[in-house]
Structures are given as structure tokens and as C-alpha cells.
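For reference, the structure discussed in these notes is given below.
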Amino acid sequence: MAESGYDFVSIESRWRARWDETGVYKSAVEEGRPKHYALTMLPYTSGDLHIGHWYAMAPSDARARWMRMKGYNVLFPIGFDAFGLPAENAAIERGIHPAKWTMENIEKMRRHLKRMGAMFDWDREIITCEPDYYKWTQWLFLQFYRHGLAYRKKAPVDWCPRCNTTLAREQVWGDDRHCERCDTPVVKKDLDQWLFRITKYADSLLNFSGLDWPDRVETMQTNWIGRSEGVEFEMTVKGSGASFRVFTTRADTIFGVTFAVLAPEHPLVDAITTKAQAADVASYREKAGRQSEIDRLSLDKDRDGVFTGAYAINPMNDAEVPIYIADYVLTTYGTGAIMAVPGHDERDFGFAKRYGLPVSTVIAPPDWDGRALQHPYEGKGTLVNSGRFSGTPSDPAKTAVAEELEARGIGERKVNYRLHDWLISRQRYWGCPIPIIYCADCGVVPVPERDLPVTLPEDAEFLPTGESPLKHHDGFLHTTCPVCRGTAQRETDTMDTFMCSSWYQYRYLSPHFAAGPFDPDEGAYWLPVDQYTGGIEHATMHLLYTRFFTRAMRDMKLIATDQAEPMVRLFNQGIILGEDSEKMSKSRGNVVNPDELIDAHGVDSVRTYLMFISRWDQGGPWNSASMGGVPRFLNRVWSLVVEPAASPGNPPGPAETMELRRMTHQAIKKVTADLESFDFNTAVAALMTFVNRLGKVRSAAVAESAAWKDAIRSLCLLLAPFAPHLSEELWERIGERYSVHEQAWPEWDEELARPATIQMPVQVNGKVRARFQVEMDAEGDDVTRLALEQPNVRNHLAGKVPRKVIVVPNRLVNIVA
RNA sequence: GCCGAAGUGGUGGAAUUGGUAGACGCGCUGGACUCAAAAUCCAGUGGGCGCAAGCCCGUGUGGGUUCGACUCCCACCUUCGGCACCA
């Protein structure tokens, strides 16, 4: 508790209660009034709301408030991402039901969030684990299924042995391929899984037009999708009818093929391996198969492989080349087989050197002397040693080779993606059940929409066995087939929680709407999201999934056809680190608790300090020691507005009045510009400057003047987005009508904001040697004359005639001697 | 290895995008108030030299372009993110 200053405890609680009573933050459709849908990523219900949540939400709230004062009808909703493994694991550890654990956490978090004094419209709150919400997640699953966007497949999947569940490719991180949530290295497993056909939208997702998103996110998504254009063609195996297809982006190097490589798991391997090589091949395959399950870190980077004994024929020159298997060729990309061109590919080169395979140069580097290359040349160039294509540059050669392969019917141009379909099955309890029934006679049967939601049974044993706990719950598992009425079983896996958060922005529009995922009338008004804010960590997960969802929903006519993108503008805030500059975590013990800070300094101080620390997108370490400046500032605001001036003073003259107006309009201008560009830190600095300047000129007489009153009025308005409670209190105390948050944002007058004079620096040869006071927009000749008159300038010129005088109006003078 | 971001006082960070480097804070020093402390207020605070006027140095390092560079170009160093046998 601060020793002096305003009583933030009572002020803050009083106004929060008043806002609640009067419903100032309820948002409703108002035809004809411009809307602004501001969205902050919904928090996961981990239980504690640490300072990182405040860091994400308080500035988002400040900006939403500002947009509202600018005249927009603002929707700023909040909810909870409530399904997921952490709830289940925590519940297992503590022996509480995940639902109970989650709802208790929500209770806590809601209380904290309300304390923040944000303008969330709590009437629109959503909780993704409530049947009222997940009914529509299931409904959307069914729509995806109907439109061929959801399908089931037995496939090797990434599996987290600790979480005992599958992971989507996006959830496997790092060199050692570890689980996004628990850091355990993942292993492969063969399972029947549900997937979403996100790859259908790969090209569409590469199109970011109409989006105002950070380049960084667009780049990350582009790389994640990993589009590459090339040619896929057939290579036949010598002496057998067999053939395999390879994909290459460098068809121009096809004459340089000296061997071919199949992935160890390639289906053709057994058929083509010769007896002599069979043992080697088998042991290599065994080793490669094991490799995905052993620690990937111990993988040596040297490429190794085994000869199959078979030869493939290069269709362009009929050359016979040996076929190897090697684990540097992946089954999961392209065709699982490659043509190897060691002269022009680093990896193939390394492999060729290791096994003494020939290397030939077929692309001439720009200054090639015709001798054998010591290193593979991966750039473009002119084809050599390439028969009828010799002399052709790379690009046309690619086309020509592709055309020839196409004409002969053994190949075609193809586009490959790094992006895989999104695996959504999870063998866990605490998730949204997949609404599918398996019938021995009818096969895969979607649950009829009228039977939704398929609810989670409350009495399941949710121990992580590696199988879905729902599989062992008879009441859930056994059902009747909706088609033939025979006995049938339910799908027992639940959905990846990213499903729930892929469409939540739509449910906010009408969280209780019963006839669909959202009320189309609300959608027509509010959509799309105008401003989204959240962390960068979701760049290739949530942010990609929700773009996919929106495209699919548009194509399924669930949202307006002109909306390909869910969120027009995105801003990624940085991460707030612990006092030790490390990521905040309970185990490190460096988590900053907002409660203590609020008790000591008040909500408004904590909010404002978070915005003042640094640029919002930069984040940075928390520093309690420097926090005091902000409460001091707010106390100064308080005394400036509320407490009587110490000195009687004189009424302001015309110059002082001008000065008051100038500082007011300069503050409005700066704060406005900074809020527009999310520069909260410099906006707060500008408010501090304003307050400091007002403090300097204040006296009892000055405080009676109209210019002063305007200044104070503007100050309250400018402060409102940052310190909503204090500004509301001050607004009332200066006799204005409730609520400050419903007022129009002040406007500035460019003329009034302009300084009358400036301190003009004079440089001699680029070094500042003098400064003089001059009126704004003074004539260049006058400025030059004054500059040359400065004593220190004369000293430095030492009688020399300036060669050149550069006058930058209202900036500086540089004299070149 | 590839892609991206960033390196500024004791410290968090500013700098109108090529025009006074260090705004605004924190801390520190001195002063006022006080019996004293806390709080508050006032003044100072990049480094060095100087009584002063002023001079020199200074935005990771080294070059360059320019009247003028934290800002642009080239090379390098460091840190942090993302991707990584993608054919």
C-alpha cells in the first residue's frame, strides 16, 4: 500500500462495480455504426493467471477502449480454452475430475480477469469444454466430413509416450522432435486416425493478400507449407517390370543422375533387392526403423545407405544407375524415392563420396573452367554433358525436360508441400468427442446432427493408458447404429484442442445461439475480426488452423463468401520474462504474481507499467525495481487534477495560454499516433511529459483558466485507455458526466500543436557547434545569416568562406567549410 | 546449414525513418521539508579533459556512401526465435 497518493483500492473497486451495474461494456449490433471486432487469444485454463496474461490482455484492452472512444462499436470478448492434456494430467496427479479442476480454474481466472478492469463483454463468454460449445465443434466436424475434408486413415503417427497420445506434425518441435507440451521425444506409431484435409488449401493458405499480419508470421507459415514445384517421373528397374516414381525440383540436372535412392520403407525394396544384397538391406532397414524410436539426437549426420543390387534406367539417356536405400530419403515427402545428382546436390554428393559413386557435372557454373568440381554446384547455369539439352540454361531446360517426360507419358509436373494433413485424433478423455459411430454393417456413420452433442461421460476412468479412456466406458462405447439400428460402437478418440480454438471467434458472436454455430445476423455485422492480438508461438499452429477453418467454412457456405481470412490484422506481443531474464515458470520460481503488485500499486499502475516497459512486440524481463515510476506518475496526475495548487500565481497571459494549448494538442497528437501503431510505451511517456509540463505551469490562478480546464479534460480522456479506473474517478471529480469511456477521443489541431520557436542546431562540417532560438518556418536566408553569426560557428570557420550551407527547415543548419 | 529479429548510458528503453543520440522512467548524487526516517518536491546525471568557455570520444566490430549515418550499403562478431536430410 502506497504511503500517500490516491486511494486506488476503493476507487478501483467502486468503478468496476459501477461499470457492471450500468453495463457500459455490453456490445450489440448497431446497424450503420462502424464496428470493430477486437480479439485477444483466449487463455488456456491452466489455473493461474500470471503477469504474462496481463501483458497480453491489458494493452489489447487499452487499444479496444481507444477504438471505442474513436467512435467504433467495439466487440471485445473473452473466453476459455478449456479442453486439453494439462487439465487431464493435473487432474490425474491430484485425483480430481478434469471438469471440476477446469471449472475451478476458470472461476479463479475469471475473477482475476475481471479485476483487470478490461472492457470484456462477459455476456459473450465461451468455455470450449461446455456441451453448448462443443456441440458446435462436433457439428463443424460433421460438415468437414460431409465435404470430404475429414477422413480416416491408418498411418504412422507421431506419438508422445509421456502424454500417451498422438500429436499433429505442428506439435512436434525441435531437433530431437519433442512433444510441444511436455518436451518428451516423440516416437512413431501405427494407428487409425482422423485427419483434416488442410493440404487441399495449401496454395490458398500461401496467399496472404488482404491481410495485415507481421511478415514474420507470413514467412513462418510459408515455410511451414513449403511449396515446391518440380517434376515427378518414372524410373524403371532394369531387368524387371517394376518401376518407381521420383520427384525432383531440378529436372535440368537429370543427365547428372549417377544413382537412385529409395527410402528404407519404400514398398519396392523387397521386390528389387538381389539375393546377394538381401542381408545388408534387411539389417539396414531394421536399423532405420528403430532409429525413429531411439534418441534422434544421437543420429550421426553422415549419410549412409545400402546397395540393393538393382539398377534403374534414366529415361533421358538410358543410363543404368545403381539403386540404394538410405534414410536421408524420407517416405513422408515426395514419392519416397529420388534421382541422385551428386554433382549438384550436397547430400547426394556426400553419399557418392562415401560409396565411391561417380560424380558428373551437367550444370556449368558461371565461370567454370571445365574441370571436375570439388564441391557440388547447386545454383543454376548452362547445361553441359546433357545430350540434346547441352547449351540450354537451367530454367528453359527444366521446362523442356518436363515436357519431354510428359509427352512420353512417364512423368508430369507436380507441386509438393511440406505441409501434411492435420491429424486431430487424440487418445484422451478431456477433449471434444469425435461424433462418429462404427457399425459392422454400415461402416463409418456420422452421428446425426439431431443427436449432438455427443457428451463426455462424467464417470470415465481417465487414466492415460495410451488408449482413449472412453474405450473402457461401456455406456459411452456401445450405441446403436443410426442407420440400421444394429449394435455399434462410438469413436472413442477426442479431438485435438486446436479444433476448439479454430472457430471460437465465431461463437463469441452469439454464444447461446441454438440454430447453428453462430447467428448469421451477428456474423454479417461483426465479421471478420478486425484486430487480433496474441503470441507468436501459434504462428504455424492455431493461426494456420483458423485460416484453414475459415476457408473451409466459407466454401461450405457457413460464412460470407468474401471472407477467406478470419482476422484481418494481427499483432504479436512479445513475451514477458522473469526478473532473471528467463522464461517464467513455476519450476524456476520466477513467476511474477499480479496480485501482490495490484495490492501494492493498484490495477491501473500495473496495467500502465506493463505498457510502459518496452515496445509491446518486444517483451522483455520484468523488473519490480523500476515499477515505482508509474504509480508516482498516476499520483502526480491525481494531485494535479484533484488537489489545490500550492501557489496562487497569476492568470495566464496570451503566451501562457498558447503554451497550455500547445502542450495539450501535442499530447493528443502523440498519444493518438502511438495507439494507432501499438507503441504503448511512448504513448505513456508522452502522457508523463504532458503531466510534467502541466505541473510546471500550474498555479491556483492558472487552474481557473479555460485552457487549463481543457488540458485536464483532455488528460482524463487520454489516460482512459491506460488507467480506466483513475480516469473515470477524475472525470467525475472535474464534474463531467459518466462515463469517461463513452466519450469521444479528443482531436488535435495541427496549428495549435506546433511549437512557436525551435532551438536550431548549427553544425560545422557535421558537428554541432552552436544552437540558437528561431521562429518556426523562418526563411532560409535568415536562418543562414543567424547561423553564421553564432560566435562558436565563427571560431570554427576561422575566417574561411563556407563552401556550402545546408538548411533543413525547422531541423538544422549544416555549414560545410 | 537456411530463414527471420535484435545489439544504444549504471539500467528498462526513445530517436518524427538520413537531420540536435540518449525522450520518458528506474537508479545514483546533491539540496529542500523533518528531531529523524519514509513519502514528496527541486537540481544534476553517457565517458574523458577543463576553473570556465569549450574540446575530444561515443549507438556490437571493421570498412564504405553522404554536407550529415543508431538509421543506407559491404564484411564480420554476439544473442534470441523459427525451420532443418523437403529431393
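All chains are named by letter (A, B, ...) in the order of the sequence lines, taking the proteins before the strands, and each is independently numbered beginning at 1.
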Taking [M] as the reference, what is the distance to [N] when you measure between their [atom1] atoms (whole Å, please)?
N: B:rG44; M: B:rA36; atom1: P; value: 26 Å
N: B:rU16; M: B:rC24; atom1: C1'; value: 16 Å
N: B:rC2; M: B:rC76; atom1: P; value: 11 Å
N: B:rA39; M: B:rG54; atom1: P; value: 38 Å
N: B:rA43; M: B:rA21; atom1: P; value: 24 Å
N: B:rA23; M: B:rU59; atom1: C1'; value: 15 Å

Is there a donor in the side chain of [X] and an acceptor in the side chain of [Y], or the other way round, less than 3.5 Å apart?
X: A:N416; Y: A:S228; result: no
X: A:D777; Y: A:N810; result: yes
X: A:W748; Y: A:E750; result: yes

OP1 or OP2 of [N] versus the side-chain N and O atoms of [X]: is any pair under 4.0 Å?
X: A:R636; N: B:rU40; answer: no
X: A:R769; N: B:rG54; answer: no
X: A:N692; N: B:rG25; answer: yes
X: A:Q763; N: B:rG19; answer: no
X: A:S228; N: B:rA87; answer: yes
X: A:N681; N: B:rA14; answer: yes
X: A:K767; N: B:rC57; answer: yes
X: A:N792; N: B:rC55; answer: yes
X: A:R347; N: B:rG1; answer: no
X: A:R632; N: B:rG27; answer: yes

Worksheet item: Do you know which two heavy atoms are closest between A:I323 and A:T308, and how far apart they sit?
Response: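 Here A:I323 and A:T308 meet closest at O-OG1, 2.7 Å.
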Worksheet item: Between A:H796 and A:P761, which is nearer to the 5' end of RNA chain B once each is assigned its nearest nucleotide?
Response: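 Its nearest nucleotide being more 5', the pick is A:P761.
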Practice prompt. Would you kindly compare A:G334 and A:V813 by the position of their nearest RNA chain B nucleotide and give the one closer to the 5′ end?
Written response: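 The residue mapped nearer the 5' terminus is A:V813.
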Worksheet item: Quick one: A:R418 CZ to B:rC86 P, roughly how many Å, whole number?
Response: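 Those two atoms, CZ and P, are 11 Å apart.
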Discussion item. For B:rU78, give the paired nucleotide (Watson-Crick: N1-N3 plus N6-O4 or O6-N4; G-U: N1-O2 and O6-N3; both under 3.5 Å), or none.
Written reply: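 Here B:rU78 is engaged in a pair, and the nucleotide opposite it is B:rA6.
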Worksheet item: Can you tell me the Watson-Crick or wobble partner of B:rU45, both distances under 3.5 angstrom?
Response: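 The answer is B:rG27, by the H-bond criterion.
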Worksheet item: Could A:E412 and A:K414 be called an ion pair, given the rule that one side-chain N must be under 4.0 Å from one carboxylate O?
Response: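 Answer for the salt bridge query: no.
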Discussion item. Can you confirm whether A:E643 is buried at CD, in the sense that more than 12 heavy atoms of other residues, nucleotides or ligands lie under 6.0 Å from that atom?
Written reply: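 Counting neighbours around CD of A:E643, more than 12 heavy atoms of other residues, nucleotides or ligands fall under 6.0 Å, so yes.
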